[in-house]
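Beneath this line is the structure, given in structure tokens, with notes to follow.
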There are 2 protein chains.
Amino acid sequence: MTDDLRVLVERLKAVSHPLRLRVLALLEAGELCVCQIAETLEVPQSSVSEALKELRRAGFVVERKEGRWVFVSVVPKKQATPLLKGLLAEAGTLLDIQQDRVRAREVKDLAIQVVCSKVQKAPSANREAVRA
Amino acid sequence: MTDDLRVLVERLKAVSHPLRLRVLALLEAGELCVCQIAETLEVPQSSVSEALKELRRAGFVVERKEGRWVFVSVVPKKQATPLLKGLLAEAGTLLDIQQDRVRAREVKDLAIQVVCSKVQKAPSANREAVRA
DNA sequence: TTTGTTTTTCGATATTTTCCGATATATACT
DNA sequence: AGTATATATCGGAAAATATCGAAAAACAAA
């Protein structure tokens, strides 16, 4: 197997995962920092960090550092491959994804420091949302 | 997680695999029967069968029975989702895939019975090709 | 029904992936 | 320097997936 094929398979694996797919689709609506993603999707911060590592490796997202925060976004449209475009088109139709985006807007309306510090303390699954 | 998201993830998993991706891309060039695929890609016939099961489950390919043979092809273009289109566009640029297609043409030029019976006896990996 | 041929399923093992708490690293502020 | 905060990495057990020979099933022809 040549590298080309291996790379494409790795890229597909990167999005063959509920959390990673949700993160990628979420970012289509605009950049977010790690803790905003964790809060939006209600998953541990370490899981988001690992999901982002894969998405970065696969070339689907890029990051931008601002102070202690890392803001992540989908690669610019110019650089988007046919696969990424098709994938985002398809993911965007899903109810889950649309709901995630609604929730992201709510999280964005909160002060980022509040969101992040809450996420850091939160005991993972089934934890209460910031707004609650 | 709702069904929609789960289904899309399953579809992505189906193609996140070298053999399954090669099979799908190979079929874009036209339908083939199971043993022709096995011979073209030089893998055990049972592996091809299992790969096709996944691709069928994911809705990427359909089958047509003709006598004892099962011919498989990519779903009609009309039914192709954005994801499938993008994926095939991207896969088609890979050298491996193009080479597979060349080899498929050679296999198609042989009598199908010869190909199938050879495949059946062949002891899997590193076996000699029919043409040899 | 018996035989031969193609495809699917099974079995068993090996490998990979997932998951998340705990810990480490990095950066900012005093 | 020390403290606080955000993110990354680690550990390692559980779950999922891959692999392919062998056996079963589906089907045609005799």
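Letters go in sequence order (proteins before strands), and every chain restarts at 1. Since we're looking at a predicted model, the values are computed, not measured.
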Side chain to side chain contact (heavy atoms under 4.5 Å, CB included) partners for Lys85(A), two or more places apart: Ala80(A)
All side chain to side chain contact (heavy atoms under 4.5 Å, CB included) counterparts of Ser73(B), not counting sequence neighbours: Glu31(B), Val62(B)
d(CD, Glu63(B); C1', dC27(D)) in whole Å: 14 Å
All pairs passing side-chain hydrogen bond (donor to acceptor under 3.5 Å, both in side chains) where residues 50-60 of chain B contributes a residue, at least two apart: Arg56(B)-Glu63(B)
Separation of dA29(D) P from Gln113(B) CD (nearest whole Å): 11 Å
Separation of atom CZ in Arg22(A) from atom P in dC19(C), rounded to whole Å: 12 Å
Under the salt bridge (charged side-chain N to carboxylate O under 4.0 Å, His left out) test, residues paired with Arg22(B) that sit two or more places apart: Asp100(B)
Between C1' of dT7(C) and CD1 of Ile37(B), the distance in whole Å: 12 Å
Separation of dT18(C) P from Leu55(A) CG (nearest whole Å): 12 Å
Residues in contact with DNA chain C, drawn from residues 65-75 of chain B - heavy-atom cutoff 4.0 Å: Arg68(B), Trp69(B), Val70(B)
Cys35(A)/Cys116(A) sulfur atoms closer than 2.5 Å: yes
Asp4(B) side chain vs Leu94(A) backbone, donor-acceptor pair below 3.5 Å: no
Glu28(B): partners by side chain to side chain donor-acceptor pair (under 3.5 Å), with sequence neighbours left out: Arg101(B)
Whole angstrom value for the distance that separates P of dT9(D) from CZ of Arg57(A): 12 Å
Could you go through residues 7-15 of chain A and list every donor-acceptor pair under 3.5 Å that involves a side-chain atom there, pairing it with any protein atom two or more places apart or in another chain?
from     : atom 1 : to       : atom 2 : distance (Å)
Arg11(A) : NH1    : Ala58(A) : O      : 2.9
Arg11(A) : NH2    : Thr81(A) : OG1    : 3.0
Arg11(A) : NH2    : Glu90(B) : OE2    : 2.8

Spacing of Leu19(B) atom CG relative to dT19(D) atom P, expressed in whole Å: 7 Å
Distance-only donor-acceptor test (3.5 Å): side chain Gln45(A), base dA6(D): no
Pairs under 3.5 Å (N/O, protein and nucleotides 9-16 of chain C):
from    : atom 1 : to       : atom 2 : distance (Å)
dC10(C) : N4     : Glu50(B) : OE2    : 2.9

Between P of dA6(D) and CG of Leu32(A), the distance in whole Å: 15 Å
Shared-cluster residues of Phe71(A), by chain and number - hydrophobic side chains joined below 4.5 Å: Trp69(A), Ile112(A)
